[in-house]
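Sequential numbering from 1 along the given sequence is applied to the chain's residues. No experiment lies behind these values; they were computed from the predicted model shown.
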Amino acid sequence: GTFQYSIDGINFQDSNVFSDLETGSYTVTVFDENECTATTTAIVAVNGLVVSAESSNISCNGANDGSIVANAGGGQEPCAYSIDGENFQDSPFFNDLTVGTYEIIVQDADGFTQVTNSVSISEPTAINLSASTNADEITVSATGGTGTFQYSIDGINFQDSNVFSDLETDTSPVTVFDENECTATPT
């Protein structure tokens, strides 16, 4: 037989599909051609929670200062954020992170959850130094790190050049730092 469907008990239709409903609990009534009826409850949950994440890489090789910020829109405020799926916090900021790939779980006040895009945190390669001497001159070669380097023979005064001339016999070790102020001295 044919059935008629209603979500308000008054207005019936041939289709069992009800579109554009708002969040709520609905009593669905169905009757057949003999006017036998049955009812059930349907819960509609409409939620527009949209999430994303952005990361900041580690500043120096071996550090744990990577960070992630989760962004949430739609849904019901306030939102809670979790980096491990178990422990939630009010803040969308996650700091002191190490190298890895992360997803943030965002839960709104109605209990809806969404998972952000995966973000990766990386670290620069370690700064590697070598130094060569020629009479009263030291030439330092640096690789790794981030960007350009600054060089110092006393750890206080830095210069762009990797060559130090007219040095006395008792000279301190050379210190190098990169654009992130990561430092290294030759071993």
Side-chain angles (χ1 to χ4, degrees), residues 47-109 111-187:
N47 188 286
L49 182 61
V50 177
V51 298
S52 65
E54 299 172 34
S55 63
S56 296
N57 289 325
I58 294 170
S59 61
C60 300
N61 185 275
N64 61 340
D65 61 353
S67 64
I68 296 173
V69 60
N71 303 298
Q76 183 65 40
E77 293 291 333
C79 289
Y81 306 86
S82 174
I83 200 165
D84 63 8
E86 295 178 14
N87 302 298
F88 283 83
Q89 63 185 39
D90 294 334
S91 172
F93 298 98
F94 295 87
N95 299 310
D96 303 326
L97 301 175
T98 58
V99 171
T101 300
Y102 299 88
E103 294 176 333
I104 306 301
I105 298 165
V106 181
Q107 183 176 49
D108 76 358
F112 288 95
T113 60
Q114 290 286 349
V115 178
T116 66
N117 52 300
S118 292
V119 292
S120 295
I121 293 178
S122 61
E123 66 183 345
T125 57
I127 298 173
N128 293 306
L129 301 178
S130 61
S132 60
T133 58
N134 183 6
D136 65 346
E137 184 176 277
I138 297 175
T139 302
V140 180
S141 296
T143 59
T146 303
T148 58
F149 297 104
Q150 294 281 306
Y151 304 86
S152 174
I153 197 73
D154 61 9
I156 298 169
N157 301 301
F158 286 84
Q159 65 186 37
D160 294 333
S161 173
N162 65 332
V163 178
F164 298 92
S165 302
D166 300 323
L167 298 174
E168 296 180 17
T169 309
D170 188 20
T171 304
S172 301
V174 175
T175 301
V176 175
F177 76 81
D178 67 6
E179 287 182 4
N180 290 343
E181 297 185 7
C182 306
T183 61
T185 55
T187 53

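In this structure, Phe149 has no ring-ring contact (aromatic ring centres under 6.0 Å, His included) partners at least two apart in sequence or on a different chain. Legend: residues meeting ring-ring contact (aromatic ring centres under 6.0 Å, His included) with Phe88, ordered by chain and number and at least two apart, are absent.
Counting only distance, with no hydrogens or angles, the side chain of Asn64 and the backbone of Thr98 share no donor-acceptor pair below 3.5 Å. When atom types are taken as modelled, the side chain of Asn162 and the backbone of Ser141 share no donor-acceptor pair closer than 3.5 angstrom. Here the side chain of Glu123 pairs a donor or acceptor atom with the backbone of Gly62 at under 3.5 angstrom. Side chain of Asn180 to backbone of Cys182: no donor-acceptor contact under 3.5 angstrom is found. Side-chain N or O atoms of Asn117 include one that pairs as donor or acceptor with a backbone N or O of Ala53 at under 3.5 Å.
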For side chain to side chain contact (heavy atoms under 4.5 Å, CB included), just list the numbers for Val176 and Gln150, CA-CA rounded to whole Å, side-chain angles, deciding distance to a tenth of an Å, and then say yes or no.
-> CA-CA 6 Å; Val176 175; Gln150 294 281 306; over 6 Å; no

Run the numbers on Thr113 and Gln107 for side chain to side chain donor-acceptor pair (under 3.5 Å), then give the verdict.
-> CA-CA 4 Å; Thr113 60; Gln107 183 176 49; 5.9 Å; no

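Inter-residue side-chain proximity for Tyr102 and Thr116 is flagged as unmet; no heavy-atom pair is nearer than 4.5 Å. You'll find the side chain of Leu129 stays beyond 4.5 Å of the side chain of Val174, heavy atoms only. Under the 4.5 Å side-chain criterion, counting only non-hydrogen atoms from C-beta, Thr139 is not in contact with Asn134. For the pair Gln114/Val50, no side-chain contact is recorded, criterion being any heavy-atom separation below 4.5 Å from C-beta on. For the pair Val115/Val51, no side-chain contact is recorded, criterion being any heavy-atom separation below 4.5 Å from C-beta on.
Between the CG atom of Leu97 and the CD1 atom of Ile68 there is a distance of 5.0 Å, given to the nearest 0.5 Å. Distance check, rounded to the nearest 0.5 Å: CD1 of Ile138 to OG of Ser132 gives 9.0 Å. Between atom CG of residue Asp65 and atom OG of residue Ser56 there is a gap of 9.5 Å, rounded to the nearest 0.5 Å. For the atom pair OG1 of Thr175 and CG of Asn157, the computed distance is 11.5 Å after rounding to the nearest 0.5 Å.
A side chain to side chain contact (heavy atoms under 4.5 Å, CB included) with Ile127 is found for one member of Asp178, Thr143, Thr185 and no other, namely Asp178.
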Validation: residues 71-81 side-chain donor-acceptor distances under 3.5 Å, sequence neighbours left out:
unit_1: Asn71; atom_1: ND2; unit_2: Ser52; atom_2: OG; d: 3.4
unit_1: Asn71; atom_1: ND2; unit_2: Glu54; atom_2: OE2; d: 3.3

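Judged purely by distance below 3.5 Å, without hydrogens or angles, the side chains of Glu137 and Ser165 pair a donor atom with an acceptor atom.
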